[in-house]
Amino acid sequence: MKKVVVIANRYVDSVSLMAVSAKVMKLDGVTNAESGMGTPANLEVLVDDLGYDIPEVTPNDLIMAVTADTEEQAEAAMKTMRDLIDHKEGDGSVTYKSLSEIDLREDEYDLAQISLPGEYAHAEAKRALSMGLDVFIFSDNVSLEEEADLKKYGTEKGRLVMGPDCGVGLIKGVALGAGSIVRPGPVGIVGASGSGCQEVSCIVERLGLGVSSIIGTGGHDLLPEIGGITMLAGMRKLDDDPDTKVIVLVSKLANLDVMAKVLGAADRLSKPVVAIFLGATEKLYEGHNVHGTFSLEEAARKAVELCTGKAPEMGYTDAEINAMVKEKVAALAPEQKYVRGLFSGGTFTEEGMIYYTEHNKGVQLNSNLNTKYSTQIPDHDVSVGHCILDLGAEDFTAEAPHPVFDPILKLKRLKKEIADPTVAVVTMDFIMGPGVAADPVTPFAQECKALKDAGSKIIFISNVCGSLEDPQDTLAAEKMLADAGVIVTRSNYESTKLASAFLAALEERG
Amino acid sequence: MAEKKYSSDLKVINIGTQFFYDALVAQNVKATQVEWKPPVKQSAEVLDALNKISSPELKEKIDAANDKAVHCIIDSEPYLVDIIPAGEVIEGLDDYTVIHSGPPIDYENMTMLHRRGLVSACRFEHWAETDEDAIKLIESGKIKLLSALDTNTVGAGTGIITKSVAMFIIEDRRTGKISANFPAEGPNQGGFCGWGLYSETIADYLRKMKDYFFPVMKAALKQMGGLPIKPILAESFVMGDENHTRQSAADLLFDKKILPELFKLEGFDRQQLLDTLDYIVETPRFFHCIGQGASRAAMLSAINTPYSTMVTAICGNGVTFGIKVAGLGENEWFTAPAPMMTGLYTSTKFTDADQLPWKGDSCVVECAGMGGLAACAAPIVMSLRGLKLKDGIALTREMENICISKNPAFSVPNLDFDFLPVGIDIRKVIETGISPEIHGGMFHKEGGLIGAGSARVPMLCFEKAIKAFAEKYGK
């Protein structure tokens, strides 16, 4: 079976062509493969020696000729030869240099996850929206004007705009950003606080249920400039979602008008709504149909209760806490007076300070943050008194990677704190998930273990914000910490409650 | 890690930290990591224009149109077929009409070189017998000006062309499009057409070319049935030409084709044949106009391809610089101030102060995927600009980012026989912030070639073009 194809006016260097023929000869059933320019010398070989029937050609035309056992084999050999000449061999994998290179009809996608420097995030997000994609924008430092523009455009396009400054998401069971892989279930979460959403979802899972979605709005969604566009859209989406039974709204205290608008919209949803606006009082929820809560743990428990009809039990009882405090404080040296908090989650820092302010009245709290609950320390590298640090804040991350992604910053600070003879209690959070540090716990557990073995009486309190599906193995991490003498709690709220009890005891002891 | 128990059909594009892409892969999610690079800062209007033309439906149309347009280059079959006077082959080139290079410009705003070219044109055609009369004639408004790239020709240098200049005719036999190109002027290279100069010697030589050399060449071309250009281009890329600044190999390959034909001719005396041979062989860069002509013929096939974002013209007039786009108006220009070149001067006595901003249409070869886009093919051109081969390879690889395709006809040893990029896409230029690299000769403000170098097409041209494109096709 002979086959000949001529490409008119196509010059290929003869040395390249020799390599092509050799490769084609290796194919099944191919007994001869020739490619050459239509020169008299080549024609002589092809026609006289090899018996090919060649149409009229010029020396500027490329002749491809194959002989194979069957028609199919000849066809395949011809295709291979053409591909080799056109350099089309390769593994077929595609890489894109920009969004616009992606043809969604050939290569389908649902969502663009964007973690570029803030100045570039708007342009890429807008492009993604124009292509019909939902967007998840981890980037911060996006202006409010740009955020408003994106969210209005998203509304117009019927697409979800999560972020900017969105730390955590869970869409169709996929953890986005720094979030955890939480198993599927009836609780749907919309939140402006990444670690807050993650905490609620992980506690829900620990209490035996799961999460349908976490729709992150980004930290600025409830500002008047944005007006809660994504939170409102997310609430509607979850209300329409058949897998969602209960909706949880998660945020720090935000603009009063926007919160009122969100709660008003919540009243009109068909499903029960639990709200946690950290730092709010009961007054905020008055006249609304939502289940107002005051800690992340309480919000998770309430959501589980609404789904199952039963209030779940978890954590230490007050009696257990009192006994623990009494025993451990008695063992401290007289100069060990202070509580130190080392946090990677901003919401966890704030949840703690709110609690201490309410339960440890009259105690001065210090922090690197400038909040109404605390006094700002002059040098973020030097802790003063009872000091609660948000290590994910800009004063720290300007110098080192965010502690969620690289624990080194937190570890260094821990070593500094434990060398301080006035430190009595250290409380720390740990955050798990496929998008964060591969092993955030081990180096800390080792440090605490070494200290315990050396006879130190410093009290460590920790909780792990992670799911049972996260790659780091949350349960093993908790056990490692407990073995190192750390008091392991099940939530940031519980850690806070314990730390507050220690703080009160330390103050009382003087 | 824990095995993933819950499957998901979510498909995610990750743009940014690799960490998050790895997290998606670890979750068995279909994901792609965009190899993103920071773009040049775009104005809101440009972004808006890009977004307007990014819908999947429109993108599909544009991609299909670009495929069609770029195949006008890749599949072109250029032949040098004839030599005839410009007036017979360029529409509208009548008495009192002068063609010039670059985007349209009027006499008042022209550089001295172009003004002098107009004067020379009037004298060459005997519309005026003195410079003073010529200036009067021009200022009277009687002289009609045409931009070369608004016709089927190419205005290299000043691109001064009038109806009596004999032109090399290149036919794209795939489409039948014809481009007309002024030939190299022998010892006066640059001469009338390139530098816009007029003297008795120059005028006489032009007439000698037309009446003495070209009848011989014309007969040889007829005898051959036309001389195929593409194989010469293809082979010259393997031999170290990039076909803008250098065409040494192409010259030899051309000579090899045409010279034997001269000696097969009958009816010419031996001296005329030898003189013609001398003209062809002794004229440096003889092939340059033919390479431009082949490029121009391909561009003529590509213009008026609706929805195409491919660039079909790049040129300057010493004041403004302009581009044209296949899917936009045939005579619609997108202009910016003409750039200066960087490179090396032929003598240390020249400085940037002597250099004229970009003038000439020869970047038609860049439009067809040669010259600056083929920098890797010509190490010696890199060298004479003070660069290394690796810089040329990096340049060509960079140009791949803004091109529609690769040209399987042009394979280059320095790329391990990979193909040269071809077909500049204005969308990709805007998105990547990478502007086409263009090679060229440096002109002295007073005329004459003073060096060789390169420039980048001003981004403003592309910004204007993308806005016009979005205006026409976007929604």
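Hydrogens, waters and symmetry mates are skipped; everything else that's a heavy atom, side chains included, is used. From a predicted model like this one, the values you see are computed outputs, not experimental measurements. Naming: A, B, ... by sequence-line order, numbering from 1 per chain.
Between chain B and the residues A:Met131, A:Gln113, A:Lys126, the most heavy-atom pairs under 4.5 angstrom are made by A:Gln113. Chosen from A:Ala112, A:Ala438, A:Pro434, the residue pairing most often with chain B at heavy-atom distances under 4.5 Å is A:Pro434. With respect to chain B, the highest number of heavy-atom pairs below 4.5 Å among A:Ile7, A:Leu104, A:Val436 belongs to A:Val436. Contact count against chain A (heavy-atom pairs under 4.5 Å) is highest for B:Leu50 among B:Val238, B:Leu50, B:Leu47. Contact count against chain A (heavy-atom pairs under 4.5 Å) is highest for B:Tyr79 among B:Phe410, B:Tyr79, B:Tyr21.
Of the two parts of A:Ala437, only the backbone, made up of N, CA, C and O, holds a non-hydrogen atom closer than 4.5 Å to a non-hydrogen atom of chain B. For chain B, the nearby part of A:Leu133 is the side chain; its heavy atoms alone come within less than 4.5 Å. For A:Glu119, the parts sitting under 4.5 Å from any heavy atom of chain B are the backbone and the side chain alike. Contact of B:Phe237 with chain A is not made at all, since no heavy-atom distance falls under 4.5 Å. Residue contact with chain B, scored on non-hydrogen atoms closer than 4.5 Å, is absent for A:Phe136. Contacts between A:Ala121 and chain B at a heavy-atom distance below 4.5 Å are absent for every atom of the residue.
Summarising the geometry of A:Arg105 relative to B:Glu60, their closest heavy-atom pair is NH2-OE1, 3.0 Å, with the distance given to 0.1 Å. Smallest separation of non-hydrogen atoms from B:Asn51 and A:Ser130: OD1-OG, 4.0 Å. Between B:Gly16 and A:Leu116 the shortest heavy-atom distance is CA-CD2, 3.8 Å.
B:Thr32 is listed as a side-chain neighbour of A:Tyr109, based on a closest heavy-atom distance under 4.5 Å. With contacts defined as side-chain heavy-atom distances shorter than 4.5 Å, the pair B:Leu24/A:Leu176 qualifies. Contact of the B:Ile13 side chain with the A:Ile102 side chain is registered, since non-hydrogen atoms from C-beta on lie closer than 4.5 Å. Between B:Glu431 and A:Arg127, some side-chain heavy-atom pair lies under the 4.5 Å cut-off.
In the displayed structure, B:Glu35 atom CD is contacted under 6.0 Å by more than 12 heavy atoms of other residues, nucleotides or ligands. Surrounding NZ of B:Lys30 are more than 12 heavy atoms belonging to other residues, nucleotides or ligands, all under 6.0 Å away. In the displayed structure, B:Gln223 atom CD is contacted under 6.0 Å by more than 12 heavy atoms of other residues, nucleotides or ligands. Applying the 6.0 Å contact sphere to CD of A:Glu106 captures no more than 12 heavy atoms from other residues, nucleotides or ligands. Other residues, nucleotides and ligands contribute over 12 non-hydrogen atoms within 6.0 Å of the NZ atom of B:Lys406. Atom CD of A:Glu56 sits in a sparse spot, with 12 or fewer heavy atoms from other residues, nucleotides or ligands closer than 6.0 Å.
Taking CD1 of A:Ile171 as the start and CG of B:Leu10 as the end, the distance is 7.5 Å to the nearest 0.5 Å. Taking OG from A:Ser100 and NZ from B:Lys428, the interatomic distance works out to 8.5 Å, rounded to the nearest 0.5 Å. One distance of note links CZ of A:Phe405 with CZ of B:Phe19; it measures 7.0 Å at 0.5 Å rounding. Note that OG of A:Ser139 is 9.5 Å distant from CD1 of B:Ile15, once rounded to the nearest 0.5 Å. Between atom CG of residue A:Asp103 and atom CG of residue B:Asp63 there is a gap of 7.0 Å, rounded to the nearest 0.5 Å.
Under 4.0 Å is where a charged nitrogen must lie from a carboxylate oxygen, and between A:Arg10 and B:Asp75 no such pair does.
Between B:Trp36 and A:Tyr120, the ring center distance clears the sub-6.0 Å criterion.
Although no hydrogens or angles enter the test, the distance criterion places a donor-acceptor pair under 3.5 Å between the side chain of B:Gln27 and the main chain of A:Ala175. Under the 3.5 Å distance criterion, the side-chain polar atoms of B:Lys11 are left unmatched by any main-chain donor or acceptor of A:Leu111. With B:Ser8 contributing its side chain and A:Val174 its backbone, the two residues share no donor-acceptor pair below 3.5 Å.
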